[in-house]
There are 2 protein chains.
Amino acid sequence: MSNSKLYKGSLNTIILKLLNEHDKMYGYEITQKVKALTKGELKITEGALYPALHKLEAEGLLDVEVAKVDNRLRKYYKLTETGTKETVNKLEELADYIKTMQALVNPKLA
Amino acid sequence: MSNSKLYKGSLNTIILKLLNEHDKMYGYEITQKVKALTKGELKITEGALYPALHKLEAEGLLDVEVAKVDNRLRKYYKLTETGTKETVNKLEELADYIKTMQALVNPKLA
DNA sequence: ATATATACATAATTTTCTTATGTATAAGAA
DNA sequence: TTCTTATACATAAGAAAATTATGTATATAT
């Protein structure tokens, strides 16, 4: 059952990592990819995603390119050079966090 | 270097898990325990901790017992029965979240 | 004497979500 | 052909959960 809660702070990491793997993606595609990869466990809401994309763009981590497909708008995002570096940092941060949490929650294995 | 950021949402899990292992603890003790277990990686701030303890108490997950040691106040917290059950849930949630994040970030191992 | 450690607390602010809306086109079902 | 679902964007209001900045008070170490 059900829809892991998204721990606040991890959305940017998810976005950056997906863009690191897929070169360019548009918002809706990201929501679908996350759903697929997590077998429905995690659903990125639009209210969280779009502002996050705008912010990453404003910070210079993403570039945008608008396209029209089937008469519908798409905004393709891709990592800038800075974005690629930041992706590495974010992934390290996540790995550290997971390690840290395991030290707390499962101290016998640490 | 540095000081894992506390992903928002994980503090309650940490508190509950520590109380599950140590029977009763007071606030300051929790901050020190977390610092020790994570080798300084994670620092629980008082501004986050105390309100969290008060909330868990208000929700009936913790009981408090005030003590005076060396003329200084201590508030010992311990899990209620409900708190013990909730601890199990929170730990499962955390494990799910970690699994989900690994599916996203390291899809080859998933 | 002074700084650091112990021990609590709260208020203001910030970050980062969720929920609720809104617009618009395309495709599929009744 | 109408109605729903899917595709595709967006933003505003509100909630949750931190951080940062204070504040009080006692004990211990320098």
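Bear in mind the structure is a predicted one, so any value in this text is a computation, not a measurement. In what follows, every chain begins at residue 1, and chains take the letters A, B, ... in the order their sequences are listed.
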(request) Please determine, for the side chain of A:Lys75, which listed nucleotide (C:dT18, C:dC8, D:dA10) has the closest atom? (result) D:dA10

(request) When you get a sec, tell me which of C:dA7, C:dA26, C:dT10 is the closest nucleotide to the side chain of B:Tyr28? (result) C:dA7

(request) Considering non-hydrogen atoms only, spot the tightest contact between A:Asp96 and B:Glu41 and give its length. (result) CB-OE1, 4.3 Å

(request) Figure out the CG/P separation between A:Leu11 and C:dT15, and round it to whole Å. (result) 16 Å

(request) Take atom CG of A:Leu73 and atom C1' of C:dT23, then tell me their distance rounded to the nearest Å. (result) 12 Å

(message) I want to check one thing: is the phosphate of D:dA8, taken as OP1 and OP2, less than 4.0 Å away from some side-chain N or O of A:Arg74?
(response) yes

(request) Give a yes-or-no answer on whether the side chains of A:Tyr97 and A:Ser10 include a donor-acceptor pair shorter than 3.5 Å. (result) no

(request) May I have the distance from A:Lys35 (atom NZ) to D:dT5 (atom P), rounded to whole angstrom? (result) 14 Å

(message) Can you measure B:Tyr7 atom OH to D:dA16 atom P for me and round it to whole angstrom units?
(response) 22 Å

(request) Grab the CG-P distance between A:Asn12 and C:dT15 for me, whole Å please. (result) 12 Å

(request) Nearest whole angstrom, please: distance from the P of C:dC17 to the NZ of A:Lys43. (result) 18 Å

(request) Measure from CD1 on B:Ile44 to C1' on D:dT20 and round the result to the nearest Å. (result) 15 Å

(request) Report the nucleotide, chosen from D:dC9, D:dA27, D:dT19, that has the shortest atom-to-atom distance to any side-chain atom of B:Arg72. (result) D:dA27

(request) Give the nucleotide from the list C:dA26, D:dC9, C:dC17 with an atom nearest to the side chain of A:Asn71. (result) C:dA26

(message) Without decimals, in angstroms, what is the distance between B:Glu46 CD and D:dA21 C1'?
(response) 12 Å

(message) Can you identify which nucleotide, out of C:dT6, C:dA7, C:dT10, has its nearest atom closest to the B:His54 side chain?
(response) C:dT10

(message) Among C:dT18, C:dT16, D:dT19, which nucleotide has an atom closest to any side-chain atom of A:Lys55?
(response) C:dT16

